[in-house]
Participant: 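Sending over a structure as structure tokens; questions will come in a sec.
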Amino acid sequence: MGALPLLILIGIVTVTWLAMVAPPSRTARPIVPPSVSLLAANGSLISRKGAITDAAVDVRAMPAHVGNAFVAIEDRRFYQHHGLDPRGLARAAWHDARDRQAREGGSTITQQLAKLVYLNSDRTALRKVREALIALWLEAWLSKDQILSRYLSDAYFGDNVYGLRAAARHYFSKPPERLTIGEAALLAGLMKAPSRLAPSANLAGAQERATLVAQAMWQAGFIDRAQADAASARLHLRPAPEPTQATYFSDWVLPAVRTAPGDAYAPRIVRTTLDARLQHLAEAATAQMRLPGAQIALVAMRPDGRVVAMVGGRNYAASSFNRVTQARRQPGSTFKLFVYLAALRAGMSPDDIVEDRPVTIGGWSPHNSDGRYLGEIPLREAFARSSNVAAVRLTQKVGPAAVALAASDLGIQSQLQTDPGIALGTSGTTLLELASAYAAVARGSYPVRPYGLPPAHPTEEQHAFDGRERAGLLDLLAAAVNTGTARGAGLTTQVYGKTGTSQDNRDALFVGFASGLVTAVWIGRDDNRPLPGVAGGGLPAHVWRTFMAGAIGARPARAQVPQSVDPDAGLDGLIHSVVERLKSSFHF
């Protein structure tokens, strides 16, 4: 084969390879996964996830000094060469030889775009050859303005910021079309070492580099000496604040956002179900809990499952573990809702009698927390005072499987142990599951599936409660608040709810609803150690009441001094009740 046919063959192979691995259209796509901006239901920004990106830029729509700042410092002969700059390569080689180390690459802006989009950062001769070939290829297909625009739209500017538009907003709170010469020079200077020179952490270094860029612009004839001197003046950053609200909620909904259909290369702006006002109230209410070593979680939803507020822990920065959705803890007596639902399904009513006396089953002898036993009492009273032995006797009567079925029907998906201990909430569940189950009672149909992105998943078949059974549940839940262990959650409107405290006070909960809002509160330790004196009727009920009072516009009801210590109120509940009584007596 002669030389000419061989050259033709090499050319055909090269062009074919370039067409396959370097389609020019790919330079118009972002090089990092798109960011996701989550909005509250009212449209306010609550969270941004992923790299900070924005729309592409067009140098033709910006002041000339913006693009020229990058050309002056990165590739002064950009508009004269055809993708490769032999003069620049020779200068870089001379400087590297003089300094006896590889410091200057001599890459053109076109080569840098090729590396950003198609290649990695390996410093090998083969990679440089591929980079040069792709640069020549891009110059054949794209205009200079297109190349510069796409380079600026993809370049990294430090602080997890990609693209000039995002960088201008991030550092100066303005679009690139409004950048001054000094601001453009500072951003162009970041190209040398964006992580090290990011002005948010190294303003002095970024300013020093910006001065060099301004001088390069003057030497290239893009600006005059006076403009270069003015551009060298110290700049003041005006960073756009990044939203950090509702972080636990944002983490919960993000997987569904990522898998939703849509343009895989476009930043996503998604409106969620979160209510910004209620989220603020939830964060304020949970911040009142200051027990050393303890964590707190709160979730609020509408009866249809629409989650409107979520706090998954005391401090997201310290721990992103979401105790609403990820922690499976013993629900304690809040689980008795399902015991009594199974009893109602078996034909019983709140006025029927159950024995509140010690019982032994297979060598296991549960006991009431306060050590008191009242003999034969109505179901209503047993539920209100959270009698453990009564709940175990009811479970023995209807069967553990019936209790587990009632829990499953109302949305409990965690695995349950179908033994007599199920009556006391010994199987772990999530707080979100409990809230959903109580939401089903508030709604009057089940199951309720919690969701944070409207519209919800395809509508699941609903099962309406039997009227008698739902009325019985409302009767029991109201009694717990009006006369029982949950008096600390009382408001000036009717509240329905149940306290819960697991063995040795490891978990303390209150779950309840009023005026179309269902809220669950949990307090405990991540290491599962006890919290002496903390129980569902105390701090959780108090936090719940504080949140709900602001959320629905009610006022706390005057607490009554209990005649004895409630089994689910704990020491803190008793103290709180006494304090509230004294405050009302002296008109504080």
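The analysis underlying the following values was restricted to heavy atoms, covering all of them including side chains, and did not include hydrogens, waters or symmetry mates.
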Participant: Could you tell me if Gln462 and Ser445 have a donor-acceptor pair between their side chains, going purely by distance under 3.5 Å?
Facilitator: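 Result is yes, a qualifying pair exists.
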Participant: Measuring from atom CD of Gln295 to atom CG of Asp527, what distance do you get when rounded to the nearest 0.5 angstrom?
Facilitator: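 Rounded to the nearest 0.5 Å, the CD-CG separation comes out at 10.0 Å.
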Participant: Which residue, Asp370, Thr485, Thr483, forms the side-chain hydrogen bond (donor to acceptor under 3.5 Å, both in side chains) with Arg385?
Facilitator: Asp370
Participant: In terms of side-chain geometry, is the basic nitrogen of Arg345 or Asp466 positioned less than 4.0 Å from the acidic oxygen of its partner?
Facilitator: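 Result for this pair is no, no salt bridge flagged.
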Participant: So do Trp544 and Leu491 actually touch side chain to side chain, heavy atoms under 4.5 Å?
Facilitator: yes
Participant: Strictly by modelled atom types, are Asn528 and Arg329 linked by a side-chain donor-acceptor pair under 3.5 Å?
Facilitator: yes
Participant: Locate the shortest heavy-atom distance separating Tyr340 from Ala382; write the atom from each residue and the value.
Facilitator: OH-CB, 3.4 Å
Participant: Could you walk me through whether Lys174 and Arg238 pass side chain to side chain contact (heavy atoms under 4.5 Å, CB included), step by step?
Facilitator: CA-CA 9 Å; Lys174 61 172 62 174; Arg238 296 178 179 83; 5.8 Å; no
Participant: If every non-hydrogen atom of Leu281 is compared with every non-hydrogen atom of Ala551, which pair is closest and at what distance?
Facilitator: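 So the minimum-distance heavy-atom pair works out to CD1-N, 3.6 Å.
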Participant: I need the full list of side-chain hydrogen bond (donor to acceptor under 3.5 Å, both in side chains) pairs touching residues 420-435, with sequence neighbours left out, sorted by first then second residue.
Facilitator: Ser414-Glu433, Thr430-Glu433
Participant: Please check if the side chain of Ser333 supplies one atom and the backbone of Lys336 the other of a donor-acceptor pair under 3.5 Å.
Facilitator: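 Not a single qualifying donor-acceptor pair exists.
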Participant: Do Leu298 and Val324 have side chains that approach each other closer than 4.5 Å (heavy atoms only, starting at C-beta)?
Facilitator: no
Participant: Does the side chain of Leu453 come within less than 4.5 Å of Val270's, by heavy atoms?
Facilitator: yes
Participant: Enter the distance from Asn315:CG to Ile296:CD1 here, rounded to the nearest 0.5 Å.
Facilitator: 13.5 Å
Participant: Is any side-chain heavy atom of Arg165 closer than 4.5 Å to a side-chain heavy atom of Pro175?
Facilitator: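 Yes, at least one pair of side-chain atoms sits under 4.5 Å.
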Participant: Is any side-chain N of the basic residue among Arg529 and Asp504 closer than 4.0 Å to the acidic one's carboxylate O?
Facilitator: no
Participant: Rounded to the nearest 0.5 Å, what's the gap from OG on Ser319 to OH on Tyr248? Could you check?
Facilitator: 5.5 Å
Participant: Other residues, nucleotides and ligands only: do more than 12 of their heavy atoms fall within 6.0 Å of CD on Gln503?
Facilitator: no
Participant: Does the gap between the ring centers of Tyr446 and Phe465 come in under 6.0 Å?
Facilitator: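 Tyr446 vs Phe465: aromatic centres under 6.0 Å.
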Participant: Side-chain atoms of residues 530-537: list all donor-acceptor pairs with protein atoms under 3.5 Å, sequence neighbours left out, distances to 0.1 Å.
Facilitator:
none

Participant: Is Asp475 salt-bridged to Arg380, cutoff N-O under 4.0 Å?
Facilitator: yes
Participant: Run the side-chain hydrogen bond (donor to acceptor under 3.5 Å, both in side chains) check on His463 and Asp409 step by step: do they pass?
Facilitator: CA-CA 9 Å; His463 304 277; Asp409 285 346; over 6 Å; no
Participant: What is the minimum heavy-atom distance between Gln288 and His542, and which atoms define it?
Facilitator: OE1-NE2, 3.8 Å
Participant: I'd like to check Met310 versus Asn322 (side-chain heavy atoms, cut-off strictly below 4.5 Å). Are they in contact?
Facilitator: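 In short, these two side chains touch, coming nearer than 4.5 Å.
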Participant: What pair of heavy atoms forms the shortest contact from Asn368 to Val389, and how long is it?
Facilitator: OD1-N, 3.2 Å
Participant: Does the separation of the ring centres of Phe513 and Tyr438 fall below 6.0 angstrom?
Facilitator: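 For Phe513 and Tyr438, the ring centres are not under 6.0 Å apart.
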Participant: Once rounded to the nearest 0.5 Å, what's the spacing between atom CZ of Arg545 and atom CZ of Arg555?
Facilitator: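 These two atoms lie 12.5 Å from each other.
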Participant: Between Lys498 and Ser386, does any side-chain donor sit less than 3.5 Å from a side-chain acceptor?
Facilitator: yes
Participant: With rounding to the nearest 0.5 Å, note down the distance linking CG in Asp352 to CD in Glu376.
Facilitator: 12.0 Å
Participant: Do Tyr162 and Asp54 have side-chain atoms, one donor and one acceptor, less than 3.5 Å apart?
Facilitator: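 No - no donor-acceptor pair under 3.5 Å links their side chains.
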Participant: Backbone N or O of Ala287 within a donor-acceptor pair of the Arg314 side chain at under 3.5 Å?
Facilitator: no
Participant: Does Leu431 form a side chain to side chain contact (heavy atoms under 4.5 Å, CB included) with Leu509? I'd like the steps, not just the answer.
Facilitator: CA-CA 9 Å; Leu431 194 65; Leu509 307 93; 3.9 Å; yes
Participant: Test salt bridge (Lys or Arg N to Asp or Glu O under 4.0 Å) on Asp356 and Arg372; report intermediate values, then the result.
Facilitator: CA-CA 9 Å; Asp356 182 35; Arg372 298 171 62 238; over 6 Å; no
Participant: Decide yes or no on side chain to side chain contact (heavy atoms under 4.5 Å, CB included) for Gln417 and Ile422, but give the supporting numbers first.
Facilitator: CA-CA 6 Å; Gln417 297 293 328; Ile422 192 175; over 6 Å; no
Participant: Should Thr418 and Val403 count as side-chain neighbours, where that means a heavy-atom distance under 4.5 Å?
Facilitator: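 SC-SC contact between Thr418 and Val403 ruled out.
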Participant: Test side chain to side chain contact (heavy atoms under 4.5 Å, CB included) on Val339 and Val398 and set out the steps.
Facilitator: CA-CA 9 Å; Val339 175; Val398 301; 5.9 Å; no
Participant: At what distance, to the nearest 0.5 angstrom, does CG of Leu539 lie from CZ of Arg290?
Facilitator: 11.5 Å
Participant: So which heavy atom on Leu416 is nearest to which on Ala407, and how close?
Facilitator: CD1-CB, 3.8 Å
Participant: I'd like to know if the side chain of Asn388 reaches the main chain of His367, judged simply by a donor and an acceptor atom lying under 3.5 Å from each other, with no hydrogens or angles considered.
Facilitator: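 Side chain of Asn388 to backbone of His367, a donor-acceptor pair under 3.5 Å: yes, one is there.
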Participant: Looking at every non-hydrogen atom in both residues, tell me the closest pair between Phe321 and Arg323 and how far apart they are.
Facilitator: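 Taking every non-hydrogen atom into account, O-NH1, 2.7 Å.
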Participant: Does any non-hydrogen side-chain atom of Ile52 lie less than 4.5 Å from one of Arg169?
Facilitator: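 Of all side-chain heavy-atom pairs linking Ile52 with Arg169, at least one is under 4.5 Å.
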Participant: Is any side-chain heavy atom of Asp507 closer than 4.5 Å to one of Trp522?
Facilitator: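 A side-chain contact exists here, since the closest heavy-atom pair is under 4.5 Å.
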Participant: Kindly check if the number of other-residue, nucleotide or ligand heavy atoms within 6.0 Å of NZ (Lys397) is above 12?
Facilitator: no
Participant: Report the C-alpha separation of Ser44 and Asn42 in whole Å, then their side-chain angles, then the decisive distance to 0.1 Å, and conclude whether the side-chain hydrogen bond (donor to acceptor under 3.5 Å, both in side chains) test is met.
Facilitator: CA-CA 6 Å; Ser44 62; Asn42 65 357; 2.8 Å; yes
